[in-house]
Amino acid sequence: MSKTHIIIGASAAGTAAAHKLRQLDADAIIIVVSDELEAPYNKCMLADYLAGSKDESQVHTLTLEQAKNKNITLMLGTRVTSIIPDQKKIILDDGQELAYDTLLLGVGTSPIIPTLPGLAEAEGVFTFHRLRDMHAIMQWIAKSQVKKAVVVGAGLSGLECADALLSHNIEVTVVEKQGQVLSSIVDAQGSKAIEQQMAVHNVTFCANEMVSEIISNNGSTTLKLRRAGRVSGVMLASGKALDADMVIFAVGLRPNVQLAFQAGVAVQDQGIITNQFMQTSVSAIYAAGDIAMVQDQLSGKLVPSRLWPDAMLQGLVAACHMAGQPRVYPGISPVISSSFFGIKFAACGPILTPLADGELITQQGDGYYHLFLLVAGTLKGFLLVGNTNAMGTYRQMVMTKALVDKAVLKV
């Protein structure tokens with residue numbers, strides 16, 4: 001008798017699992033449920049799509065036609081309201097019930113949107129997270145002839161967003177509550193190199209600042225009764241006002257653990273706890289991607305997973321176990337990398353919180369800054385800004401824990 005595998009969420013983990021399940025079991029019933037209206041797509045390419053360097057067809061990872069050819073049922077624009085583990089079924093927002101043999105949760109995260117005066121009334125305020133966000137941003141740019149934009153948040157998403165907006169000839173200001181960009185993964189010197197490139201591209205960086213209010217062109221923000229209107233700027237906590245025709249928030253993500261929690265699946269603040277097969281505390285339910293807590297290959301600790309390649313591998317591992325062909329997940333990849341404003345960077349390991357017995361080695365030259373963490377002759381982490389050509393080699397050194405000659409760390 002054929003098995004029914006249901007996947008909630010159609011991002012990296014969900015689509016990878018669906019493909020693998022079909023490969024492993026030609027007769028299985030595979031259903032992918034997504035609350036998004038768009039066919040599955042690669043979130044890593046959203047900035048490229050916004051910048052115009054990729055069209056929408058290049059962003060999608062599973063088209064409706066491909067799903068049909070693989071006999072995968074795609075239920076788009078459909079929300080799961082509850083999971084009933086003891087009956088092995090899910091309930092959809094239209095009241096429909098679907099039974100499963102195995103269930104994979106790949107519902108990812110939601111963007112954090114601060115509660116601010118004027119936000120609810122303003123038109124032209126967006127998040128930078130989903131394909132529909134990109135559609136809305138591009139429509140607003142065309143409709144409102146945007147000249148100035150404020151991006152709130154200087155993490156990876158914020159910087160990628162700011163860089164993409166430059167392709168639309170928009171004057172961009174980035175507001176960050178910390179004193180530097182990428183404060184959780186890049187040290188002060190590396191941040192300085194990135195900030196210098198931002199200045200070269202005429203991007204204004206406001207550090208140690210927070211947006212305290214959204215200003216609309218509907219009159220005074222102090223009016224008790226506010227009317228909806230187009231955003232015209234933001235007020236910072238310092239009292240400084242910034243003009244803006246558009247505001248985009250990229251201040252962080254929150255894992256969508258509500259369904260799992262309500263179903264009795266073990267969760268932490270940062271995600272769903274999984275084992276080496278991507279199983280949750282409920283044996284027939286799996287979790288993968290941004291929603292999952294997985295083992296860090298370097299520290300051995302359970303950490304949230306936030307990278308696309310990791311999510312795909314987790315989906316593959318989950319699918320193998322769901323199909324009765326177990327495969328062990330080795331842990332998250334230790335390297336984070338991206339590029340913006342014409343500069344590349346990669347980070348790996350506890351660079352910002354180095355071990356007590358560690359030795360930090362820095363290298364700096366024309367257009368690059370490198371930082372390495374050595375412990376007892378082995379490479380434990382690195383930061384590469386501006387020249388990432390040797391990233392693969394350094395990653396291999398970290399993973400193999402081989403003794404390193406300092407000479408090989410030179411550019």
Side-chain angles (χ1 to χ4, degrees), residues 1-35 40 67 70-75 78-109 255-268 270-295 302 304-305 310-331:
M1 186 175 184
S2 60
K3 287 187 175 182
T4 298
H5 307 291
I6 294 181
I7 300 166
I8 306 176
S11 195
T15 53
H19 284 298
K20 190 64 175 180
L21 282 167
R22 177 54 69 223
Q23 178 186 339
L24 296 175
D25 189 345
D27 299 321
I29 298 171
I30 303 171
I31 302 172
V32 180
V33 183
S34 172
D35 64 356
K70 288 179 175 288
N71 195 22
I72 296 171
T73 301
L74 266 180
M75 301 182 69
T78 303
R79 188 171 59 88
V80 178
T81 59
S82 61
I83 302 168
I84 306 177
D86 57 350
Q87 298 180 37
K88 285 192 173 182
K89 68 180 183 181
I90 63 173
I91 300 177
L92 307 181
D93 51 4
D94 62 359
Q96 184 180 176
E97 297 183 359
L98 299 178
Y100 63 82
D101 291 291
T102 65
L103 176 69
L104 173 63
L105 302 178
V107 291
T109 57
N256 297 320
V257 299
Q258 301 90 340
L259 269 178
F261 179 76
Q262 292 167 2
V265 174
V267 302
Q268 293 183 352
Q270 294 179 300
I272 300 172
I273 299 172
T274 63
N275 65 13
Q276 60 185 344
F277 304 114
M278 305 312 300
Q279 274 180 306
T280 70
S281 60
V282 179
S283 61
I285 300 179
Y286 298 73
D290 289 357
I291 197 174
M293 295 287 289
V294 295
Q295 189 176 55
L302 278 180
S305 175
D310 288 327
M312 290 190 66
L313 180 55
Q314 291 162 22
L316 292 175
V317 170
C320 288
H321 204 267
M322 292 163 75
Q325 301 181 36
R327 173 179 171 181
V328 173
Y329 177 63

Taking atom CD1 of I7 and atom OG of S34, what is their separation to the nearest 0.5 Å?
-> 11.5 Å
Out of I31, L98, I6, V32, which one pairs with T73 under the side chain to side chain contact (heavy atoms under 4.5 Å, CB included) rule?
-> I31
Taking side chain as C-beta onward, heavy atoms only, is I84 less than 4.5 Å from I90?
-> no
Backbone of T102 reached by a side-chain donor or acceptor of Y100 within 3.5 Å | no
Of all heavy-atom pairs linking G264 and S281, the shortest is O-OG, 4.0 Å
Residue pair T109 / P255: nearest heavy atoms and the distance that separates them | CG2-CA, 3.8 Å
Any donor-acceptor pair under 3.5 Å from D101 side chain to H5 backbone | no
Taking all non-hydrogen atoms of both residues, which atom of A10 and which atom of P40 are closest, and how far apart?
-> O-CB, 3.2 Å
Polar side-chain atom of T4 near backbone of I29 as donor-acceptor pair, under 3.5 Å = no
Measure the spacing between OG of S11 and CE of M312 and express it to the nearest 0.5 Å.
-> 10.0 Å
Taken to the nearest 0.5 Å, the spacing of L21 CG from K70 NZ works out to 11.5 Å
Give a yes or no answer on whether the side chain of T280 reaches the backbone of I285 with a donor-acceptor pair at less than 3.5 Å.
-> yes
I83 side chain near P85 side chain, heavy-atom distance below 4.5 Å | yes
Test V80 against L92 for side-chain contact (heavy atoms from CB on, under 4.5 Å), laying out the working first.
-> CA-CA 4 Å; V80 178; L92 307 181; 3.9 Å; yes
Could you check if a side-chain atom of R327 sits within less than 4.5 angstrom of a side-chain atom of L313, using non-hydrogen atoms only?
-> yes
Separation of H19 NE2 from L316 CG (nearest 0.5 Å) | 10.0 Å
Atom CD of Q258 and atom OG1 of T81: how far apart are they, to the nearest 0.5 Å?
-> 13.0 Å
Report yes if the side chains of L24 and C320 come closer than 4.5 Å at any heavy-atom pair, otherwise no.
-> yes
For the residue pair I30 and R22, what are the closest heavy atoms and their distance?
-> CD1-N, 3.4 Å
When you measure from the side chain of D93 to the backbone N and O of R79, does any donor-acceptor pair fall under 3.5 Å?
-> yes
Taking atom OG of S305 and atom CD1 of I272, what is their separation to the nearest 0.5 Å?
-> 12.0 Å
For P304 against Q270, the heavy-atom pair lying closest together = CD-OE1, 3.8 Å
With respect to T78, which candidate in I8, D94, V33 satisfies the side chain to side chain contact (heavy atoms under 4.5 Å, CB included) definition?
-> V33
For a quick test of your reading: what N or O donor-acceptor pairs under 3.5 Å do the side chains of residues 286-294 make, sequence neighbours left out?
from, atom 1, to, atom 2, distance (Å)
Y286, OH, H321, ND1, 2.8

Locate the shortest heavy-atom distance separating V267 from F261; write the atom from each residue and the value.
-> CG2-CD1, 3.8 Å
